[in-house]
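Start at 1 with the first residue, then count along the sequence. Whatever order the structure lists them in is the order used to number ligands and atoms, beginning at 1.
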Amino acid sequence: MKRIVTIQDISCLGKVSLTVALPIISAANIETVILPTTILSTHTGFKDFTYRDLSKDIPLISNHWLQEKISFDAIYTGYLGNIEQIELASEFIRSFKNKNNFVLIDPVMGDHGNLYPGFDKNFVTKMKEYISLGDIIVPNLTEACLLLGIEYKEDFNTEEIKEMLLKLSKTNKRVVITDVRFGNKLGVMSYDGSEFYSYFRSRIPSNYHGTGDIFASSLLGCLNNNIDFKDAIKIAVDFDWQSIKETYNTNKNAYGINFESKIKYYIERIQKVTK
Ligand code: PXL
């Protein structure tokens with residue numbers, strides 16, 4: 001069985017980061033090792049969330065794994081709570097990256113043109129450096145703008161997004177920009193170093209937390225099942241879209257996505273292409 005490690009926070013309630021990555025990647029038949037960076041009572045979309053920084057534990061945990069000679073088929077990092085945690089994740093990658101595995105970085109910083117609470121310019125500067133350690137990066141449109149120092153707007157055209165992909169691919173072999181909107185279409189655009197690939201679905205008029213985490217986790221699950229990049233993107237977008245639609249139809253104002261109801265769909269899509 002393949003084994004991956006994911007480094008991000010535990011938002012106890014809210015259906016983001018580890019509480020999404022663990023079930024989805026496990027559903028893809030992959031052992032999912034977790035390295036929690038922070039424990040929050042909820043995701044940062046709620047008021048007055050609690051925040052317990054686990055930075056001191058990160059080197060203790062990773063040193064134990066090194067001592068046990070544990071290795072991973074992929075390293076996936078998501079929300080990192082502060083600059084120190086970016087440094088700790090970099091050290092982790094330097095210790096566990098090898099020629100047989102790959103690193104997926106979701107440079108979680110913000111959404112819809114805004115930074116998440118607690119992040120500032122210095123955090124963005126550190127993230128710009130950090131992403132060079134990723135074989136794949138999956139910023140949303142807001143994060144792509146932050147990484148490139150471009151002012152955010154919702155309505156970039158195709159050529160502008162392609163230019164962003166090319167710029168980001170100077171440091172990363174494969175780049176996927178999520179949350180790209182063209183009229184009533186919403187989806188992702190990617191570049192793998194030689195080819196562009198885009199995949200869109202109809203836009204559901206909602207802004208839920210955790211959609212990027214569902215995308216990154218399900219993409220990683222597919223890639224570790226040796227599904228090619230384009231098919232993996234398609235499955236991840238479809239699974240995310242199905243989950244968002246289900247949420248919109250059953251509880252428009254939910255604090256998180258009903259991805260649980262579509263896990264079976266995700267597994268079946270993987271089985272169909274790996275048969
Ligand atoms: O979905 C990304 C994410 C991860 N972790 C925390 C968050 C968010 C988005 O709001 O608040 C704590």
Side-chain angles (χ1 to χ4, degrees), residues 4-25 32 34-55 57-58 75-86 88-89 104-120 123-124 126-127 130-131 134 136-147 152 176-180 186 188 204 206-221 236-237 239-241 243-244 247-248 253-260 262:
I4 70 98
V5 59
T6 177
I7 308 175
Q8 42 188 332
D9 68 282
I10 296 177
S11 288
C12 299
L13 177 141
K15 297 206 259 186
V16 296
S17 25
L18 285 185
T19 61
V20 163
L22 190 48
I24 292 175
I25 301 168
T32 308
I34 61 166
L35 184 40
T37 53
T38 308
I39 299 180
L40 299 91
S41 49
T42 62
H43 63 55
T44 57
F46 287 78
K47 265 197 284 185
D48 301 330
F49 55 86
T50 68
Y51 184 98
R52 167 89 49 208
D53 191 322
L54 301 177
S55 297
D57 292 279
I58 295 173
I75 301 163
Y76 159 33
T77 77
Y79 178 96
L80 301 168
N82 49 51
I83 287 176
E84 186 189 0
Q85 292 190 349
I86 298 182
L88 290 166
L104 186 150
I105 293 177
D106 185 356
V108 177
M109 292 190 284
D111 213 350
H112 312 296
N114 302 309
L115 284 168
Y116 291 131
F119 293 159
D120 60 13
F123 185 83
V124 175
K126 192 77 192 170
M127 190 61 91
Y130 173 64
I131 54 162
I136 305 172
I137 58 167
V138 293
N140 62 31
L141 190 55
T142 301
E143 291 152 354
C145 289
L146 288 166
L147 292 170
Y152 175 82
V176 186
I177 300 181
T178 64
D179 209 18
V180 176
L186 183 108
V188 308
I204 298 160
S206 59
N207 286 322
Y208 297 119
H209 284 78
T211 52
D213 303 335
I214 294 170
F215 176 78
S217 300
S218 51
L219 182 77
L220 185 79
V237 169
F239 171 48
D240 218 348
W241 185 86
S243 306
I244 294 167
T247 311
Y248 188 76
N253 301 316
Y255 54 67
I257 300 288
N258 290 359
F259 70 91
E260 300 90 336
K262 299 294 167 189

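- Applying the side chain to side chain contact (heavy atoms under 4.5 Å, CB included) test between D9 and each of L54, L18, T37, T19 identifies T37 as the sole match.
- When each of I177, V237, D240, L219 is tested with V188 by the rule side chain to side chain contact (heavy atoms under 4.5 Å, CB included), just one qualifies, namely V237.
- Here the heavy atom of the protein found nearest to atom 5 (N) of ligand 1 is D9 OD1, 2.8 Å.
- With hydrogens and angles disregarded, a donor-acceptor distance shorter than 3.5 Å links the side chain of K15 to the backbone of I257.
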(request) Evaluate the criterion ring-ring contact (aromatic ring centres under 6.0 Å, His included) for residue pair Y208 and F259; output intermediate values, then yes/no. (result) CA-CA 12 Å; Y208 297 119; F259 70 91; over 10 Å; no

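- When hydrogens are left out, the protein atom nearest atom 9 (C) of ligand 1 is Y116 CZ, 3.5 Å; that is the closest non-hydrogen contact.
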(message) If you apply the rule side chain to side chain donor-acceptor pair (under 3.5 Å), what do you find for Y130 with T77, and how did you get there?
(response) CA-CA 11 Å; Y130 173 64; T77 77; 2.8 Å; yes

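- Here the protein heavy atom with the shortest distance to atom 6 (C) of ligand 1 is Y79 CD1, 3.6 Å.
- Between F123 and Y116, the distance separating the two ring centers is not shorter than 6.0 angstrom.
- Looking only at heavy atoms of the protein, atom 1 (O) of ligand 1 is closest to D213 OD2, 2.7 Å.
- Using a non-hydrogen distance threshold of 4.0 Å, S11 registers as a contact of ligand 1.
- Residue contacts with ligand 1: S17 is included, with a non-hydrogen atom under 4.0 Å away.
- If you look at V16 next to ligand 1, the close heavy atoms, those under 4.0 Å, all belong to the side chain.
- Taking every heavy atom of H209 and a limit of under 4.0 angstrom, the matching atoms of ligand 1 come to 9 (C), 10 (O).
- Atoms of ligand 1 found under 4.0 Å from any heavy atom of H43 (numbered from 1 in listed order, with element): 7 (C), 11 (O).
- Listed for the S11 side chain is no donor-acceptor partner under 3.5 Å among the backbone atoms of L40.
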